[in-house]
Visitor: 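Got a structure here, written out as structure tokens. Questions coming.
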Amino acid sequence: PDGSCTVSCADGYSGDPVIYYCYDLDTGFEGTGPDCTSTTTTTSITSTTSTSLTGTSTSLSSTSTTTSTTTPDPGSCYPPTLGSDKDTSECSGKYPPDGTCTVSCTSGYLGNPVVYYCYSLEDMFVGSGPDCVPTTTTTTTTTASITTTTTTTSTTTPMNGTCYPPVIGQDKDTSLCSGIFPPGTCTVSCAAGYSGDPVTYYCYDLEDNFLGSGPSCTSTTTTTSGTSTTTTSSTETTSTATITTSSTSSSSTSVTSVTSTTTTTSTTTPPPGACYPPALGNDKDTSDCSAKFPPDGSCTV
């Protein structure tokens, strides 16, 4: 009834062994575990490429995680499984109850080593840490960005101590504002091609320079709009023919009378400002009504 055995992880797996107990033949061995983890080495590679104005850099990092590659000697304590940043190689071949080992940080990590203790095969190694920090160096490159802003307030640089001429638009002439020392004044007028009343600007100091507003300038460009009117005169001709025939016994005489009437409307356009002749019909003569001006214009029809 006191039979016991140690169940450990098979090759290729790691984990703390446990003890099974056999109290009778009916029940057989009783126990749970152990928790076995594959000892297969996993390597992950991350490639990062960054491009800037100064060139292209490629960083390659490789991470390997190894729990254990060997099965411990029978009766010895299993090395603790603590992660890829900790080195437990010194914990192999240690036996309870006074087994100890030093666990340190692996290459690429930094931290103070710690001691683990193995008092029994049931508890295996007991301890905590170490705290391992990556020793990877991070380089930060700062690129200076220069922004140039240029503001032009005048086409010429004024003399030292003089006020800057005001910049108020191409329709205004500020040429009289050059070479003025504070306190001073100048007259701003409209530029060529524009019209408006000139105004006075004041310069009390070099901080504010010239102060004022206006002038209101209007373009003097002439816009010509032409209207063409065409008057077409028409002539209407009416012909009336009357034929009278007289016959005698001895001779025959034929008399033909033809009457032609011609009516002409207006053939000319009246002078500017003159009254238009009245349009009264083909039977009326309005020729005397041409070139008559108001308010005392009169004509005979």
Side-chain angles (χ1 to χ4, degrees), residues 1-52 55-142:
D2 54 359
S4 63
C5 68
T6 301
V7 177
S8 59
C9 294
D11 290 341
Y13 295 87
S14 67
D16 297 333
V18 296
I19 298 176
Y20 276 63
Y21 299 92
C22 178
Y23 299 107
D24 55 60
L25 294 178
D26 292 334
T27 306
F29 279 103
E30 294 181 350
T32 58
D35 295 327
C36 299
T37 304
S38 175
T39 59
T40 302
T41 301
T42 301
T43 302
S44 62
I45 299 176
T46 303
S47 177
T48 303
T49 302
S50 60
T51 304
S52 65
T56 302
S57 62
T58 302
S59 62
L60 184 65
S61 61
S62 177
T63 303
S64 299
T65 302
T66 304
T67 56
S68 177
T69 56
T70 58
T71 300
D73 298 331
S76 66
C77 300
Y78 267 79
T81 304
L82 302 176
S84 61
D85 58 340
K86 298 174 179 61
D87 181 8
T88 60
S89 59
E90 192 182 334
C91 297
S92 297
K94 303 297 181 180
Y95 295 88
D98 53 0
T100 61
C101 69
T102 300
V103 177
S104 59
C105 295
T106 58
S107 176
Y109 293 88
L110 182 64
N112 296 322
V114 296
V115 177
Y116 274 64
Y117 301 90
C118 179
Y119 300 110
S120 65
L121 292 179
E122 292 183 357
D123 296 330
M124 296 296 175
F125 278 103
V126 177
S128 63
D131 294 328
C132 299
V133 179
T135 58
T136 303
T137 301
T138 302
T139 302
T140 302
T141 302
T142 303

Visitor: Which residue, P96, S76, P80, forms the side chain to side chain contact (heavy atoms under 4.5 Å, CB included) with C118?
Guide: P96

Visitor: Whether the side chain of Y116 engages the backbone of G129 through a donor-acceptor N/O pair (distance < 3.5 Å, no angle test) should be reported.
Guide: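 Such a contact is found between Y116 side chain and G129 backbone.
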
Visitor: Measuring from C77:SG to L121:CG, what's the distance to the nearest 0.5 Å?
Guide: 5.5 Å

Visitor: Under 3.5 Å, which donor-acceptor pairs do the side chains of residues 26-36 form with other protein atoms, sequence neighbours left out?
Guide:
residue: T27; atom: OG1; partner: D24; partner atom: OD1; Å: 3.0

Visitor: Could you tell me which non-hydrogen atom of Y95 sits nearest to which non-hydrogen atom of P74, and how far apart they are?
Guide: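 That closest heavy-atom pairing would be CE2-O, 3.7 Å.
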
Visitor: With heavy-atom distances below 4.5 Å as the criterion, would you say the side chains of D87 and S104 are in contact?
Guide: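 Yes; the side chains approach each other to less than 4.5 Å.
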
Visitor: If we only count heavy atoms from C-beta on, is the L82 to T88 side-chain gap below 4.5 Å?
Guide: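 Answer yes - side chains close enough.
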
Visitor: Please report the shortest heavy-atom distance between G99 and F125, naming the atom on each side.
Guide: O-CE2, 4.0 Å

Visitor: Hey, are the side chains of V114 and S128 touching, using non-hydrogen atoms and a 4.5 Å cut-off?
Guide: no

Visitor: Just verifying a value: how many Å separate C105 SG and K86 NZ, rounded to the nearest 0.5 Å?
Guide: 6.5 Å

Visitor: Are the side chains of S4 and Y21 in touch, meaning some heavy atoms are under 4.5 Å apart?
Guide: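 Answer yes - side chains close enough.
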
Visitor: Which heavy atom of S14 sits nearest to which heavy atom of T81, and what is that distance?
Guide: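 The answer is OG-OG1, 4.2 Å.
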
Visitor: Are the sulfur (SG) atoms of C101 and C91 separated by under 2.5 Å?
Guide: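 With an SG-SG separation under 2.5 Å, C101 and C91 do form a disulfide.
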
Visitor: Find out whether K94 and P79 are in side-chain contact, i.e. whether some heavy atom of one side chain is under 4.5 Å from a heavy atom of the other.
Guide: no

Visitor: Quick one: OG1 on T39 to CG on D11, what's the gap to the nearest 0.5 Å?
Guide: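 Spacing of OG1 (T39) from CG (D11) equals 8.5 Å.
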
Visitor: Under 6.0 Å from the OH atom of Y20, do we count more than 12 heavy atoms belonging to anything else shown?
Guide: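 Enclosed.
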
Visitor: How many angstroms lie between CG in D2 and OH in Y23, if you round to the nearest 0.5 Å?
Guide: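 OH of Y23 is found 10.0 Å from CG of D2.
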
